[in-house]
2 protein chains.
Amino acid sequence: MNASAKPERTRLSAEDWEDAALKLIADQGVGALAVEALARQLGVTKGSFYWHFRTREALLQASLERWEQYGEREVIEQIEAMPDPRARLPELFRRVAHELAPHRVYAALLKALDHPQVVPVMARVSQRRMEFLTNIYREAGLPPEEALNRARLTYAAYVGFLQLNFTLGLPRISHDEFDAYVEHMIRTLTPA
Amino acid sequence: MNASAKPERTRLSAEDWEDAALKLIADQGVGALAVEALARQLGVTKGSFYWHFRTREALLQASLERWEQYGEREVIEQIEAMPDPRARLPELFRRVAHELAPHRVYAALLKALDHPQVVPVMARVSQRRMEFLTNIYREAGLPPEEALNRARLTYAAYVGFLQLNFTLGLPRISHDEFDAYVEHMIRTLTPA
DNA sequence: CGCGATCCATACTCGTGCGTATGGTATCCG
DNA sequence: CGGATACCATACGCACGAGTATGGATCGCG
């Protein structure tokens, strides 16, 4: 049934473990990150793990740094490359709304803010995103003060949405209804 | 240092354990809910606990139900008693923003949505609040569709705010700045 | 007073998951 | 082709937290 489904016959590297860890975190949260479970999933045993990493903590650390690195650089750059500043916000909203998969790790880490290791990472990532958002609002015409507060509001709505949907499954919303919601969001959070 | 600071010399009841559990959940999350830790904090040992509850799971269940009961009934009733529908939303916003303490349990449970026991409770509570919010928006003049989406957006902002502040400590915002943020929120999320 | 019910302490068992020790197998390179 | 190095398996020790067993203390009440 759950025998080794992955025919990865090559030896493993540290990066393989980190990727598997991130996948597991996205699926079941940081708390589920256990070395023996990971090993089973990779078709090996703990003996392998402790060759690559000194401890479980080290794996978490490395995985988080790897995740932070990969980042959302593409999205940011693509949005900032758009000529019309007013068009950036709607595009950003729609894009994030329709590509939720990359945000699963962020959502999982959001629920693990009691682990001392994830706090600094999340603080850095969230801070960068907030600054990015604030900039777009300024470029869209909002005065600085206003732009900052609007960015706070928007980002909070994003974070809350992740929680209410991935984990809690509030009355499952239909696809069309979701699109309508996104458009409503654009209308009320975006300067005309 | 942390010796029994509570001079509660009377015997304990199940409710005492539930209250202590909720306090611990609010402070350190559901994951920190351990019977021996709780017992220490109450100045007794496990022997006491297992007289009142069959299992740790039972305590969690009872605590959650107790929390759901206490609820936010007062707030809802007071807001609905206000004569002018337009005045309700700003009042609700300001009130929630300035009395965050009661929301700490909700914030903690938000991060424990992987525990099967908390999901139904949070689903019910969130659903009730959402319906309440939707109603207020309708009474404030928004068409039904619009009211529902606005309630979704507002509630998501609320949830996101809890995450970003209790747990993550984004660049510590000052008191005045926070008030300005709340007013900004009211302006953009509330029908004129 | 005294006795039954209620509440609690002490001392265990048991499962789970991290980390270690040590030996085995595969791979690369001279 | 043989040995050094990289990778992995097996078998442990150990800590920690849930749950159990059993006896002791304390309260209510006739």
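Chain naming here is simple, since letters A, B, ... match the order of the sequence lines and numbering starts at 1 in each.
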Charged N-O contact under 4.0 Å between A:Asp16 and A:Arg11: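 So A:Asp16 does not pair with A:Arg11 through a salt bridge.
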In this structure, how many angstroms lie between the [atom2] atom of [N] and the [atom1] atom of [X], rounded?
X       : N      : atom1 : atom2 : answer
B:Leu42 : C:dC7  : CG    : C1'   : 14 Å
B:Tyr50 : C:dC7  : OH    : C1'   : 16 Å
A:Leu38 : C:dG19 : CG    : P     : 13 Å
A:Leu59 : C:dG19 : CG    : C1'   : 14 Å
B:Gln41 : C:dC8  : CD    : P     : 15 Å
A:Phe49 : D:dT10 : CZ    : P     : 18 Å
B:Leu60 : D:dG19 : CG    : P     : 11 Å
B:Arg54 : D:dA18 : CZ    : C1'   : 13 Å

Row check, B:Tyr106 ring normal vs B:Arg129 NZ/CZ: under 6.0 Å, within 45°: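 Yes, B:Arg129 lies over the aromatic ring of B:Tyr106.
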Parallel, tilted or perpendicular: ring planes of B:His98 versus B:Phe178, cut at 30 and 60 degrees: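 Geometry flag for B:Phe178 against B:His98: perpendicular rings.
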Distance-only side-chain donor-acceptor flag, B:Thr55 / B:Tyr50, under 3.5 Å: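 There is no such pair between these side chains.
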Presence of donor-acceptor pair under 3.5 Å, side chain of B:Arg11 and base of C:dT6: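 Yes, the side chain and the base share a sub-3.5 Å donor-acceptor pair.
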Backbone N/O of A:Arg138 and side chain of A:Arg150: donor-acceptor pair under 3.5 Å: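 No: the side chain of A:Arg150 does not pair with the backbone of A:Arg138.
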Any side-chain heavy-atom pair of B:Glu18 and B:Trp67 under 4.5 Å: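 Side-chain contact under 4.5 Å: no.
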Sugar-phosphate or base contact per nucleotide [nucleotides 12-17 of chain C; S, B, -; heavy atom under 4.0 Å]: -----B
Over 12 non-hydrogen atoms of neighbours within 6.0 angstrom of CD in B:Glu145: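 Open.
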Any A:His52 side-chain N or O less than 4.0 Å from OP1/OP2 of D:dA6: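 Answer is no, no contact under 4.0 Å.
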Listed nucleotide nearest any side-chain atom of A:Thr55, set C:dG19, D:dT10, C:dC8: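 For A:Thr55, the side-chain atoms sit closest to C:dG19.
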